[in-house]
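Accompanying notes for the structure given below.
In what follows, chains carry the letters A, B, and so on, assigned in the order in which the sequence lines appear, proteins first and then strands, with residues in each chain numbered from 1. Only a predicted model underlies this, so the values are computations on that prediction, with no experimental measurement involved.
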Number of protein chains: 2
Amino acid sequence: MEKAESTIAQMRKGVLEMSVLAAINGNEAYASDILERLKHAQLIVVEGTLYPILTRLKNEGFLSYRWEESTSGPPRKYYSVTQAGHDFLNELQSGWNDMVSSVSMLLTINHSTEPTNI
Amino acid sequence: MEKAESTIAQMRKGVLEMSVLAAINGNEAYASDILERLKHAQLIVVEGTLYPILTRLKNEGFLSYRWEESTSGPPRKYYSVTQAGHDFLNELQSGWNDMVSSVSMLLTINHSTEPTNI
DNA sequence: ATTTAGTACTATGTATTGCATAGTACTGTT
DNA sequence: AACAGTACTATGCAATACATAGTACTAAAT
């Protein structure tokens with residue numbers, strides 16, 4: 001169902017930012033590493049989606065980067081999470097956990113044997 | 001942190017649609033009931049946000065409604081989930097569960113004692 | 001009959017991010 | 001110099017949550 005896919009894409013809004021931060025947290029990485037870590041977590045992201053997120057997070061002070069030369073192509077940006085980014089990630093995680101909890105309640109409330117209004 | 005709040009608001013995109021369907025599923029309701037059920041699940045939603053979601057879901061065939069007179073104000077729209085809506089909800093739930101699983105992996109990968117690149 | 005308060009719903013525009021696409025630049029190989 | 005692979009930048013579109021303003025219905029009060 002096409003509509004389900006587009007709604008799931010909507011669900012990724014906000015979640016990818018948190019996931020990218022989490023994928024880097026404590027373990028500096030460049031774009032290809034990050035894509036691999038996300039893929040390992042079954043979160044498929046392409047470069048055209050990742051780079052704007054990295055740029056935005058860096059501009060907001062949640063990530064910093066250093067350039068490193070490469071022998072197999074252009075130089076690479078190695079990202080790491082700043083202290084502000086770590087704090088931001090903690091807040092996002094807290095909000096995310098609340099949301100997961102809420103959704104869990106909602107997805108189970110009508111599976112009880114309580115009578116309905118039908 | 002204002003930015004965390006706006007990102008959490010972004011996370012609600014797509015999730016509220018699923019939550020509204022879940023709140024109605026098997027238990028027809030009008031807007032005020034739905035807001036109460038969402039509130040009970042700690043998912044705070046206001047009318048200006050709920051009505052467009054209901055309208056959109058109805059237009060897409062996932063909800064249907066019947067009017068019922070009220071003695072305390074205008075007539076009310078009682079919504080119920082259609083078969084298509086039930087199928088849609090199942091697909092959303094599946095995608096949501098996958099996403100929750102992915103995020104869970106990402107939020108824990110760097111808490112291990114494995115050496116990092118620092 | 002008119003006005004008021006409470007209630008239920010509709011209409012509309014803004015902000016934001018994921019996404020797709022096109023482009024530029026670097027490196028080693030041919 | 002040209003090419004393939006790699007890394008990154010730039011840009012516009014689509015979709016939904018949100019806030020705000022508005023219309024309409026009902027009972028009660030005047």
Side-chain angles (χ1 to χ4, degrees), chain A residues 2-21 29-36 38 43-60 62-63 65-79 88 92 95 99 102-103, chain B residues 2-21 29-36 38 43-60 62-63 65-79 88 92 95 99 102-103:
Chain A
E2 206 63 31
K3 171 64 183 171
E5 283 171 19
S6 77
T7 304
I8 290 167
Q10 286 298 330
M11 288 178 178
R12 283 159 64 102
K13 285 180 187 290
V15 174
L16 286 190
E17 259 197 22
M18 178 176 67
S19 301
V20 166
L21 271 176
Y30 81 113
S32 186
D33 295 332
I34 299 163
L35 291 172
E36 280 298 312
L38 293 170
L43 203 50
I44 308 304
V45 176
V46 297
E47 291 168 328
T49 300
L50 177 62
Y51 283 110
I53 293 177
L54 291 174
T55 301
R56 198 166 58 245
L57 288 170
K58 189 263 298 173
N59 288 343
E60 285 155 352
F62 302 133
L63 289 178
Y65 67 82
R66 63 176 181 81
W67 283 103
E68 180 171 304
E69 301 291 309
S70 167
T71 55
S72 59
R76 301 168 174 171
K77 278 179 170 174
Y78 276 89
Y79 289 93
F88 178 53
L92 291 183
M99 185 173 295
S102 293
V103 168
Chain B
E2 203 64 29
K3 171 63 181 174
E5 285 172 18
S6 77
T7 304
I8 289 167
Q10 287 297 330
M11 287 176 179
R12 283 161 64 103
K13 285 179 188 289
V15 174
L16 286 190
E17 260 196 22
M18 177 175 68
S19 302
V20 166
L21 271 176
Y30 81 114
S32 186
D33 295 332
I34 298 164
L35 292 172
E36 279 300 311
L38 293 170
L43 203 50
I44 308 303
V45 176
V46 296
E47 291 168 328
T49 300
L50 177 61
Y51 283 110
I53 293 176
L54 291 173
T55 301
R56 197 165 60 243
L57 288 170
K58 190 264 296 173
N59 289 344
E60 285 155 353
F62 302 134
L63 290 178
Y65 66 83
R66 62 176 180 81
W67 284 103
E68 179 171 304
E69 302 290 310
S70 167
T71 55
S72 60
R76 301 168 175 171
K77 276 179 172 175
Y78 276 89
Y79 288 93
F88 178 54
L92 292 183
M99 184 173 296
S102 294
V103 168

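- Residue B:S70 is classed as a sugar-phosphate contact, given heavy-atom separations below 4.0 Å to backbone atoms only.
- Contact annotation: A:T49 side-chain N/O to C:dC19 OP1/OP2 distance is under 4.0 Å.
- Residue B:K77 places its side chain closer to C:dC9 than to any other of D:dC8, C:dC9, D:dA17.
- Ring-plane geometry between B:F62 and B:F88 is classed as parallel, the angle between the planes falling under 30 degrees on a 0 to 90 degree scale with a further cut at 60.
- For B:V46 and B:T71, each mapped to the nucleotide of DNA chain D holding its nearest heavy atom, the one lying further toward the 5' end belongs to B:V46.
- Note: CD (A:E60) to P (C:dT16) measures 10 Å, nearest angstrom.
- Note: CD (A:E36) to P (D:dT6) measures 12 Å, nearest angstrom.
- In terms of position along DNA chain D, the nucleotide closest to B:R12 lies nearer the 5' end than the nucleotide closest to the other residue of the pair B:P74 and B:R12.
- For A:E47, counting side-chain heavy atoms from C-beta on, the closest listed nucleotide (C:dT16, C:dA8, D:dC8) is D:dC8.
- Distance CD (B:E17) to P (D:dA15): 12 Å, rounded to an integer number of Å.
- Residues B:L21 and B:M18 fail the side-chain proximity criterion, which asks for heavy atoms closer than 4.5 Å.
- The interatomic distance linking B:L50 (CG) with C:dA11 (P) rounds to 15 Å, in whole Å.
- Using a 4.5 Å heavy-atom threshold, the side chains of A:L35 and A:E47 count as touching.
- Distance from the side chain of B:A31 is smallest for C:dC9 among the nucleotides D:dA7, C:dC9, D:dC18.
- Using a 4.5 Å cut-off on side-chain heavy atoms (C-beta onward), A:Q10 and B:E17 make no contact.
- Minimum atom distance to the side chain of B:E69 is reached by D:dT26, of the listed D:dT16, D:dT26, C:dG18.
- Comparing D:dT16, C:dC19, C:dC9 by their nearest atom to the side chain of B:R76 picks out C:dC9.
- Checked against C:dT12, C:dA8, C:dG18, the side chain of B:P52 finds its nearest nucleotide in C:dT12.
- Separating the CH2 atom of A:W67 from the C1' atom of C:dC26 is a distance of 10 Å, rounded to the nearest angstrom.
- A sub-4.0 Å separation between OP1 or OP2 of C:dA11 and a side-chain N or O of B:Y51 is absent.
- As rounded to whole Å, 19 Å separates atom P of C:dT12 from atom CD1 of B:I53.
- Atom CG of B:L54 and atom P of D:dA17 are 11 Å apart (whole Å).
- If you take CD of A:E68 and C1' of D:dT6, they are 15 Å apart, rounded to a whole angstrom.
- Once rounded to the nearest 0.5 Å, the distance linking CH2 of B:W67 with NZ of B:K77 reads 5.0 Å.
- At least one side-chain nitrogen or oxygen of B:R56 sits closer than 4.0 Å to the OP1 or OP2 atom of D:dA17.
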